[in-house]
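Everything numeric in this text was worked out from a predicted model, so none of it was measured. So you know, we letter chains A, B, ... as the sequences are listed, proteins then strands, and number each from 1. Heavy-atom basis, side chains included; hydrogens, waters and symmetry copies ignored.
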Protein chains: 2
Amino acid sequence: MPTLKTTPKRGRPQTLDRDAVLKIALTSYWTGGPTRVAISHICKEADVSKPSLYREFGSDDGLKAAVLDLYSELVLGPFHNILTSNEGFAQQIEALIAFTVQDRKSLGIPSGCLQVAMRAHREDLGKVTGNKVDMLRSQTLRNYEAWIERAKSRGEFKAEIPTQAAALFCDAQNGGAMRMQREGIPNEIIKQTLTHAFSTFA
Amino acid sequence: MPTLKTTPKRGRPQTLDRDAVLKIALTSYWTGGPTRVAISHICKEADVSKPSLYREFGSDDGLKAAVLDLYSELVLGPFHNILTSNEGFAQQIEALIAFTVQDRKSLGIPSGCLQVAMRAHREDLGKVTGNKVDMLRSQTLRNYEAWIERAKSRGEFKAEIPTQAAALFCDAQNGGAMRMQREGIPNEIIKQTLTHAFSTFA
DNA sequence: ATAATTTCGTAACTATCGGTACAATATGAA
DNA sequence: TTCATATTGTACCGATAGTTACGAAATTAT
């Protein structure tokens, strides 16, 4: 939803661009790690004063939570779309792998996954962000489960493994791939591990 | 190697028990996370003053490195022993899974894996510990690779996947299992994911 | 113009944590 | 007994990071 023009308010006009700050914060957290980037650093990058940022997001916790929402919309959404597409199971798997191992550098996208990183640092996050991470994780597992159940009901799922365990398996593969990517392991090798992992399903 | 009795030295006798401190630090880092436990906390737990601890280990970095060495000896060693045992491949896999999903609570062992945790917080560690984490990771992968090559040469390895990718796959499964364990997922479910993952090999 | 209102940013405050100065203490040697 | 030596622990230092008090600045309403 675009920032709809409200009638001009009283007081000094706001110069802080919420979306711009969020985008910069997203990139910073994604690249440098959500617990390693200081508020002051984001302020410098976005050319915004600290009180301005606090006025907009309330706290470090609030900013991280807002960033996580944005990440969910930008990355997790498209990922979920693959799971619910009309393609066959095997093609969906192929699409998932392609999405995961796409060349980030050429696209200007940081390597790794912010959700995975936030889960790894779950205990260092604030209350709001921490809860959001938990919710997102549950949702991710539910998405996998629905995807697998659908494939099972279609007879496209070949493995004999309970849906819950299969969903956890998928999540582990994705997490592993994201970690390998951050460690600099070539996408081609990562693709081999993912292909092997999912070859057990279809 | 036991602390062999040296001839009584001059000066005030040392009351600090290095091994006791290391053990307490290991448990603290393992349970609470290597970057979340403060030096002062370990001092309180071990009933040791900060300067004493610094005299013994040099720095936060030095203590963490020493703890990682102990962990390697206590946990990673036995794990590696399974990979080099004289059992068949399938039995080794079974042993690995059993080792991973053994009931920690009843054994008084913290859940999760300190090596996995340290890798997740690699960037927050000091120089010495960080390098040690890297070395340990390389060694882990080499161990898996040797294990897989051996199984391949015996004809016990059924999957068509390059050894390097297979080793990374193994490491990812183990890491995933350790993370699930920390998140409180029942060992029975974790076992299902591991069994499925390794069923592709033998 | 003047007042009311809202946002702006400098400059501090506070807590935490890794690290250390230093004086007291406890031993062996002379 | 006295000196040399080595360890102990209290209390402090310095850096970092999240957070905020407060006065200046910019705009609308009267």
Side-chain angles (χ1 to χ4, degrees), chain A residues 3 5-22 24-25 28-29 32-68 118 121 123-130, chain B residues 3 5-22 24-25 28-29 32-68 118 121 123-130:
Chain A
T3 313
K5 275 257 170 47
T6 63
T7 54
K9 293 175 192 171
R10 275 180 104 153
R12 182 167 177 170
Q14 181 163 350
T15 59
L16 180 142
D17 184 341
R18 181 185 171 96
D19 291 346
V21 173
L22 272 179
I24 288 176
S28 292
Y29 288 143
T35 59
R36 288 182 53 78
V37 177
I39 291 265
S40 351
H41 178 261
I42 293 173
C43 288
K44 279 177 198 158
E45 292 265 314
D47 194 31
V48 163
S49 74
K50 261 200 271 190
S52 287
L53 193 145
Y54 273 82
R55 225 172 291 119
E56 186 65 33
F57 299 100
S59 65
D60 180 88
D61 193 17
L63 172 61
K64 287 195 172 83
V67 165
L68 187 49
M118 283 201 174
H121 294 257
E123 302 299 321
D124 297 310
L125 299 172
K127 203 173 175 181
V128 180
T129 310
Chain B
T3 312
K5 273 255 167 54
T6 63
T7 56
K9 292 173 190 170
R10 276 181 96 149
R12 180 168 178 170
Q14 181 163 353
T15 58
L16 180 141
D17 184 341
R18 182 185 171 95
D19 291 345
V21 173
L22 271 180
I24 287 176
S28 291
Y29 288 143
T35 59
R36 287 181 54 77
V37 177
I39 292 267
S40 353
H41 178 261
I42 293 174
C43 289
K44 279 177 199 158
E45 291 265 315
D47 194 31
V48 164
S49 73
K50 252 199 277 192
S52 287
L53 192 146
Y54 273 83
R55 220 173 296 117
E56 185 65 33
F57 299 101
S59 64
D60 178 271
D61 194 17
L63 172 61
K64 287 196 173 82
V67 166
L68 188 49
M118 283 202 174
H121 294 258
E123 303 298 322
D124 296 310
L125 298 172
K127 202 173 176 181
V128 180
T129 310

**Message:** A:Lys64 vs A:Asp60, test: side chain to side chain contact (heavy atoms under 4.5 Å, CB included). Steps then yes/no.
**Reply:** CA-CA 6 Å; A:Lys64 287 195 172 83; A:Asp60 180 88; 2.6 Å; yes
**Request:** May I have the distance from A:Tyr54 (atom OH) to D:dA21 (atom C1'), rounded to whole angstrom?
**Result:** 15 Å
**Message:** I need the CG-C1' distance between A:Asp60 and D:dT20, as an integer number of Å.
**Reply:** 15 Å
**Prompt:** Taking atom C1' of D:dA17 as reference, at what distance in whole Å does atom NZ of A:Lys44 sit?
**Reply:** 11 Å
**Message:** Using a 4.0 Å heavy-atom cut-off to protein, can you give one letter per nucleotide of nucleotides 3-11 of chain D, 5' to 3': B if the base is in contact, S if only the sugar-phosphate is, - if neither?
**Reply:** -BBBBBBB-
**Message:** With nearest nucleotide decided by heavy atoms, which residue, A:Arg36 or A:Gly58, maps closer to the 5′ end of DNA chain D?
**Reply:** A:Arg36
**Item:** Atom-pair distance (CD on A:Glu56; P on D:dT19), nearest Å
**Value:** 16 Å
**Check against side chain to side chain contact (heavy atoms under 4.5 Å, CB included), B:His121 and A:Asp124** = CA-CA 11 Å; B:His121 294 258; A:Asp124 297 310; 3.7 Å; yes
**Item:** Nearest-0.5 Å distance, CG of residue B:Asp47 to CD1 of residue B:Ile42
**Value:** 14.0 Å
**Message:** I need the A:Tyr29 OH to A:Thr35 OG1 distance, nearest 0.5 Å.
**Reply:** 10.0 Å
**Atom-pair distance (CZ on B:Phe57; P on C:dG18), nearest Å** = 15 Å
**Prompt:** Just how far, in rounded Å, is C1' of C:dT14 from CD1 of A:Ile39?
**Reply:** 16 Å
**Asked** Quick one: A:Leu53 CG to D:dT20 C1', roughly how many Å, whole number?
**Response** 14 Å
**Item:** Distance, rounded to the nearest Å, where B:Leu63 contributes CG and C:dG19 contributes P
**Value:** 10 Å
**Prompt:** At what distance, to the nearest 0.5 angstrom, does CD1 of B:Ile39 lie from OG of B:Ser59?
**Reply:** 7.5 Å
**Request:** Quick one: list whatever passes side-chain hydrogen bond (donor to acceptor under 3.5 Å, both in side chains) with A:Gln14, sequence neighbours left out.
**Result:** A:Glu56
